[in-house]
Amino acid sequence: MSDNILEIKDLVVHYETDDGCVNAVNGLSFSIGRKKTLGLVGETGAGKTTTALSILNLVPDPPGKIKSGSILLDGRDVLQMTDKELEEMRGNDVAMIFQDPMTALNPVMTVGDQIAESIELHQHVSSKEAFEKAKEMLKMVGIAESRAYDYPHQFSGGMRQRVVIAIALTCKPKLLLSDEPTTALDVTIQAQVLELMKELIRSQQMSMLLITHDLGVVAETCDDVAVMYAGKIVEIGTADEVFNHTLHPYTEGLFNSLPNLRERGEELIPIKGLMPDPMNLPEGCAFAPRCPYATEACEKTQPELTLMGGTHCVACLAYRDAQFSLRRNHNG
Amino acid sequence: MIPTILLTSLLIFWAMDLTGGDPVQTILPENATVEQQEALRESMGLNRPFFIRYFDYMLGIVTGDMGTSYVTKLDVFDTFMHRLPMTLALGGTALLISVIISIPLGIWTALNQNTWKDTLGMVLALFGVSMPNFWLGLMLMLLFSLQLHWLPSGGSGGIQYLVLPAMTVGLGLAALITRTTRSAMLDVIRQDYITTAKAKGASHHRVIYTHALRNAMIPIVTAVGMQFSLVMTGSALAETVFSWPGIGLLIVNSISKRDTPMVTGSIILCCILMALINLLTDIIYAYCDPRIKAQYSSKG
Amino acid sequence: MENKMENSHEITSAELKQAKGRSLAQETWRRMLKNKGAVIGMIFMILLIIVALLAEFIYNYDTDIVAQSASSSFSAPSAAHIFGTDQFGRDIFARVLYGARYSLLIGCGSVAFGLLVGLLLGSLAGFYGGFIDNLVMRANDILYAIPNILIAVVIVSLLGTTPLSLLLALSISAASSFARIARAAVMQIRGQEYIESAYAMGLPTWKVILRHIIPNCLSPIIVQVTLAIGSNIIAASSLSFLGVGVAPPMPEWGAMLSDSRQYIRSAPWMCIFPGLAIVVTVLALNLMGDGLRDALDPKLKK
């Protein structure tokens, strides 16, 4: 049995629309170890949600198509599973928390029924028992048991997200996929929900893929970090490696664009330019047009992820020069 | 609802009063003298002010007395009530036929969007809503009655007489509901909570019926409710084509015979019927959508 | 490296300009043309309008449409009479073509009239709310409570069975549905933030209405216009069929069907063709209406 609960290799996902082919994910590879949390960081449009949906084989088809690659969940390839196997796996071995709690719940079913449904699908218990278990789950996420009879519209955003978490964790999955779980919430509620998630993951000994564009959240909750750009991983390693010994110019740009509390009044430093149009990706490195270190070679060749020490990998041609290092690392 | 009914009946009573013609002329023989006419008018209360006559008339509804027909000399209210069950049977059967056809068809086309199945279903539905239903009735009669001799071409007396009129109304309604169902399902299956349901491991069947359809029912019931007057109209036309003795045929015949009390009474009673059906629709709608149910229970 | 940055910056803004070049109307038209059904519908309607206009010149009403000829009565469809003849020997094809005038006139006229009245009242109700809103909504409820046909019955009883009274009756129900749509659209837009911004910029109320509110209401209204014409044509022919609309010998399609009912056994073609004309016309209008709806809706259901 491998150490990794999840292993994705060379995943390629396209969306074939009338206006053209959107190359959402272009040769993605990463792994998540058991009981570990991986933060997947990137801007909107980088392909993060598509990656998460692929793990459940839920990419909407049409127009989405998983072109190639393998996704090993606990050793079994998700992309080769039959519909029945997928239905057994979803919610049971892997669960997902979605971004917008306001729309993630069925408006015409009670909250208790929606949690109980998860139980009834995977465990052989009567519906009464399932509902009782649902009430316990509500308690676990900090909601009064009596509210199991209420409908989603009677809850606030933060509470709905807790319900979504309850649904996800009911069958004690081995891997939790969280797609920007706190983005749609108020800042104060964000902290509460994150704390709750951390606690539950720790006590249930689950692995988690946390998708976010918020570096602060990653720093607080994740063991490992993967940085995604234009459908590929450009840097991956432990949180310490990526934050303190940054390798990729894009990651550097992300850190630089964060406002610095100590140097208030200074101008913000955004990364110049825009992410490339996924229907029209450049031949070489996707980041080259915006990269301050780019050379001619970068525009022609796509860099591969290479191991740079420890568990830290980066996809950047600059490192062919052994002396190269980012400006950020010069200043320490 | 009550004020609407009152205002509506007032308008109709006033309009028919203007056009109605003189009942005295129809009742008395041609050679009646002016004094006799005047005496009858007085005794029938026709000289009283408009609002008093209206008030009296409305009171009559409650007691079941809305005047007598010029033509048949029978009580208007009784005649209407006698014919009502026939129209309800027709409307009910038509609704049943249409729902059995349209909801599965609507779901099927929504799930197979942009394939030949979708196009086929949509083309059929488009034809259905573009067809005047009395013409559909005539064509059905032509085919099933006159050519194939499978079904009678009119009248009443058994289930076989109900088939063609019910199909006439039902098919048109089915076309409409199919389009609405397809549209509602397409909207619903794009929602996030459907992805949540799939991510839980719910089977395709469960996702469509337990999750999607239950939510799609809300706009479908709304749309059908709004179109219910069309069902009534359609029934009237079908009754005319197939001589089905319901209230639609009653009104049409009364109009052509200038039987004002019958027309007035029937129209007003029809409006009351429509109002009751609208109320029923609202109740069903509230049952489907817990958000609305909550509003009602908090008020009540 | 700085050069490279500027170059990529230029390309982006040029592309943006090009994309914005198409206005909403052009964009909608382009999408309409992609829809084959809608295009067929439009072509048919244009042809029908031409036929209706020319019919007055091609056929003489007295000789071709109403003149009776016992000898050629009840002829089945043939080369001489494409749709056959009726009980009076009149050429059905000519009558059907001529009848297009009534359907188009009553259909478009009632919708146009209803649009004017309904739009005005609905927008006022939606915009100002309060007393006006209550009044309009109450009137609407009453009209809603009475089925279309019964309203027509009452009006036609008052004014007689002429095309004009039919037009008036159908305008009322059209006005009711447009008022409903306009009110809902105005209320929805009125609450949007960009309206607040317009006010915040100092725009006077009438400018806000003209420049922001009305253009955004147009989509549902345009779609409803095409669909309403279709449903009013059906309603008009239904009423004529029942004897409450246009009466024979005028070759209105519904009236023709009412007439030919009794001959369905012996001369079925008399019942088939006028009805077919209604179906094809309304089909064309529905195709256009559906095409417009899909073209105007930014989130196309694809």
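Note that these values count all heavy atoms, side chains included, but never hydrogens, waters or copies made by symmetry. Numbers restart at 1 for each chain; the letters A, B, ... are given by sequence-line order, proteins then strands.
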A:Glu87 side chain to A:Lys84 backbone, donor-acceptor under 3.5 Å = no
Relative to each other, are the rings of B:Tyr209 and B:His205 parallel, tilted or perpendicular (30° and 60° limits)?
-> tilted
Look at A:Asn106, A:Leu121, A:Thr170 and state which one has the largest set of heavy-atom pairs under 4.5 Å with chain B.
-> A:Asn106
Side chain, backbone, both or neither of B:Ile194 within contact of chain A (heavy atoms, under 4.5 Å) = neither
Which one of A:Ile97, A:Asn57, A:Thr110, A:Leu58 has the most heavy-atom pairs closer than 4.5 Å to chain B?
-> A:Leu58
Note: vs chain B, highest number of non-hydrogen pairs under 4.5 angstrom among A:Ala104, A:Ala168, A:Pro60 is A:Ala104
Looking at A:Asn92, A:Leu56, A:Ile167, A:Leu177, which has the largest count of heavy-atom pairs under 4.5 Å with chain B?
-> A:Ile167
Are any side-chain N or O atoms of A:Asp77 and backbone N or O atoms of A:Ile71, one a donor and one an acceptor, separated by less than 3.5 Å?
-> yes
Specify whether A:Phe131 and A:Tyr149 have parallel, tilted or perpendicular ring planes, treating 30° as the upper limit for parallel and 60° as the lower limit for perpendicular.
-> tilted
For A:Arg34 and A:Asp74, run salt bridge (charged side-chain N to carboxylate O under 4.0 Å, His left out): C-alpha distance rounded to whole Å, both residues' side-chain angles, the deciding distance at 0.1 Å, then the answer.
-> CA-CA 9 Å; A:Arg34 291 183 193 280; A:Asp74 213 358; 2.6 Å; yes
Best-contacting candidate, A:Pro107, A:Ala95, A:Cys171, A:Ser118, against chain B by heavy atom pairs under 4.5 angstrom | A:Pro107
So with a 6.0 Å cut-off around NZ of A:Lys135, is the heavy-atom count from everything else above 12?
-> yes
Examine whether an atom of A:Gln114 lies under 4.5 Å from a heavy atom of chain B, and if so say whether it belongs to the side chain, the backbone or both; otherwise answer neither.
-> both
